[in-house]
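Notes follow once the structure below has been shown.
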Amino acid sequence: TLLSAGAAQAADYPDHAVNMIVPFSAGGPTDNVARSLAEAMRPALGQTIVVENKAGAGGTIGTSQVARAKPDGYSALLMHIGFSTAPSLYKNPGYDPKTSFEPIGLVVDVPMTIIARADFPPNNIQELVEYLKANKDKVSLANAGIGAASHLCGTMFTNAIGVDLLTIPYKGTGPAMNDLLGKQVDVLCDQTTNTTQHIKAGTVKAYAVTSKQRVPTLPDLPTMQESGYDGFEVGIWHGMWAPKGTPKPVTDKLTAALQAGLASEDFQKRMAGLGATVLTDQANSAALTKKVEQQVPQWAELFKKAGIEAQ
Ligand code: MLT
């Protein structure tokens, strides 16, 4: 019968590699987390997780691809806060954050950093704000498309200081960072999982972090809060999902493998080195469901207040 076939499939699951879609370019922050996570989950899952980058439209292309994928446990999504913001920014994001997926669990929380090309004149956040106000027609702000974390942070920042900058969209902040290093764009707000190594090497200029507290790996970088931007705080939480209808025994196995992966010393070390917090206690479907339920209306309201409409 169908039922026993389903049960047999779940018992054998997984008998081949699992595909994990990252909805941004390779070499960027989400990809960085995904590749470490894939490796960390492998022993508990007993199969390889193959990371596939399906970039574009602020992450909505890859996310909606997983929403439409066969719910057999061999397709999963690693996405971040944009999962909850894109539905307010696109008239048709291609998925419903509450009904298109089976949540597996939360993964990490990543601070953002406001950075610029190494030869950008301002040397601290106050100078940066003055410079942007005086040169707003000449400065370009990179992001990973509408709905991306970099878009969210960039919008919060330009709104906070009251300037409109020319934005240059990429399919991920991996390629945006390449252009920043190549001095083809000026400013970027990006996650520490992509910026830490460049900040430490001095190949970019860094001005502030968006977390409530300073980031231990970047102790010299002031928070936005202490720089005078009260309430400017944003953390880029990441989650893992499977398509709606993926059988419960299968999603349970994915959740168990996720928990084992997050607990692994190597994953924890790598994430700590990149300024990310591992969300071990929230690596379950209930916590991710709650997160999305809280975040979707929160961002919808914030965009409405800021006069940002869905396109
Ligand atoms: C990426 O992996 O490229 C980023 O997460 C993009 C972003 O959301 O800013």
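Every heavy atom of this structure was used, including side-chain atoms; hydrogens, water molecules and symmetry mates were not. Counting starts at 1 for both ligands and their atoms, following the listed order. Keep in mind that what you see is a predicted model, and the values were worked out from it rather than measured.
With sequence neighbours left out, P71 forms a side chain to side chain contact (heavy atoms under 4.5 Å, CB included) with P243, T246.
Side chains of T193 and V108 form no contact here, defined as non-hydrogen atoms less than 4.5 Å apart.
No N or O atom of F24 sits closer than 3.5 Å to an N or O atom of ligand 1.
From L106, atom CG reaches atom CG of N284 across 8.0 Å, with rounding to the nearest 0.5 Å.
Taking atom 2 (O) of ligand 1 as the reference point, the nearest protein heavy-atom neighbour is T30 OG1, 2.7 Å. Scanning all protein heavy atoms for the shortest distance to atom 3 (O) of ligand 1 gives T173 N, 2.8 Å. Scanning the protein heavy atoms around atom 9 (O) of ligand 1, the nearest turns out to be S150 OG, 2.6 Å.
Only the side chain of H80 comes within contact range of ligand 1, with a heavy atom under 4.0 Å; no backbone atom does. Within the 4.0 Å heavy-atom criterion, the part of A144 lying near ligand 1 is the side chain and not the backbone.
Of all atoms in ligand 1, listed by their number and element, those nearer than 4.0 Å to a heavy atom of G172 are 3 (O). Atom numbering of ligand 1 starts at 1 in the shown order; those under 4.0 Å from a heavy atom of A149 are 7 (C), 8 (O), 9 (O). Which parts of ligand 1 touch A148 is read off a 4.0 Å heavy-atom cut-off, strictly below it: atoms 7 (C), 8 (O), 9 (O).
Within the structure, the closest approach of Q191 to ligand 1 falls below 4.0 Å when heavy atoms are considered. Contact between S25 and ligand 1 is absent, with no heavy atom of the residue lying under 4.0 Å from the ligand.
The existence of a salt bridge linking E226 and R214 is confirmed by a sub-4.0 Å separation between a basic side-chain nitrogen and an acidic carboxylate oxygen. Electrostatic pairing of E39 and R35 does not count as a salt bridge here, judged by no charged N lying under 4.0 Å from a carboxylate O. With salt bridges taken as basic N to acidic carboxylate O contacts below 4.0 Å, none links D96 and K98.
Side-chain atoms of D190 do not come within 3.5 Å of backbone N or O of I114 as any donor-acceptor pair.
Among residues at least two apart or in separate chains, there is no disulfide (SG to SG under 2.5 Å) pair with a member in residues 47-117.
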